[in-house]
Amino acid sequence: MSGKLLRVGTVYVPVMDVDRSSRWYTDYLDAEISYRDEDKAIVNLAGQSFFLVKAAEGERSNFTDIHGEERFSLTFEVDGLEALESVHQEFTDKGIRVGDIEDRGHAGRNFVFADPDGNRFDVWSELSPAYKELINQSFRSNA
């Protein structure tokens, strides 16, 4: 591929109430709102823009896998198990619906949380190597 895909710029998330959802993302996940109208809001979180789009009732970003398990479509990364445990505790304390910290048989640990509309997201304790290198380069250039 000649024009390599470099990054994901925007994630679309179906919501029932744009105002309620945009406040939830800012209050509970520390996102910043860059735009909002009655049909959509753009919130910035974890280096991404999330379009919270007013959707038909019951719409969610989740899907069901071949084994009948409801799955998330997005994983956030944190830097290590201690960070994962800290975020899990913070989310629990805030009353966010969170699952248990899991060992899924691969590097690191994960947990799943949901927004008020039932959109599920995963959190993983391992930063991808390319992102970790980017952070290290940034740190070295600021030192």
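Fair warning: this is a prediction, and the values are worked out from it, not measured in the lab.
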| Atom CZ of Phe76 with >12 non-hydrogen neighbours under 6.0 angstrom | yes
| said: Under 4.5 Å between side-chain heavy atoms, counting indirect links through other Ile/Leu/Val/Met/Phe/Trp/Tyr residues: same cluster for Val98 and Ile101 or not? | reply: yes
| query | For residues Gln89 and Asp93, is any side-chain donor paired with an opposing acceptor at under 3.5 Å? | reply | yes
| task | For Asp27 and Asp30, work out which heavy atoms get closest and say how close. | result | O-OD1, 4.3 Å
| query | Looking only at heavy atoms, what is the nearest atom pair of Leu45 and Leu29, with distance? | reply | CD1-O, 3.4 Å
| Where Ile96 and Ala114 come nearest, the two heavy atoms and their spacing | CG2-O, 3.8 Å
| task | List, by chain and number, the other hydrophobic cluster members for Met16, where Ile, Leu, Val, Met, Phe, Trp and Tyr join if side-chain heavy atoms come within less than 4.5 Å, directly or indirectly. | result | none
| Is there a donor-acceptor contact under 3.5 Å linking the side chains of Asn62 and Glu70? | yes
| query | Hey, does Phe121 have a side-chain heavy atom less than 4.5 Å from the side chain of Val112? | reply | no
| query | Would you call Tyr35 and Lys40 a side-chain contact if the rule is heavy atoms closer than 4.5 Å? | reply | yes
| Is the Phe51 ring parallel, tilted or perpendicular to the Tyr12 ring (thresholds 30°, 60°)? | tilted
| Hey, is Lys54 close enough to Asp39 for a salt bridge, meaning N to O under 4.0 Å? | no
| request: Please say whether more than 12 non-hydrogen atoms of neighbouring residues, nucleotides or ligands are located less than 6.0 Å from CG in Asp100. | output: no
| message | I need the full list of salt bridge (charged side-chain N to carboxylate O under 4.0 Å, His left out) pairs touching residues 111-124, with sequence neighbours left out, sorted by first then second residue. | response | Arg20-Asp117, Arg104-Asp122
| Exercise: do Ser22 and Arg36 side chains pair donor with acceptor under 3.5 Å | yes
| remark: Nearest heavy-atom approach of Asn119 to Ser61 is OD1-N, 2.7 Å
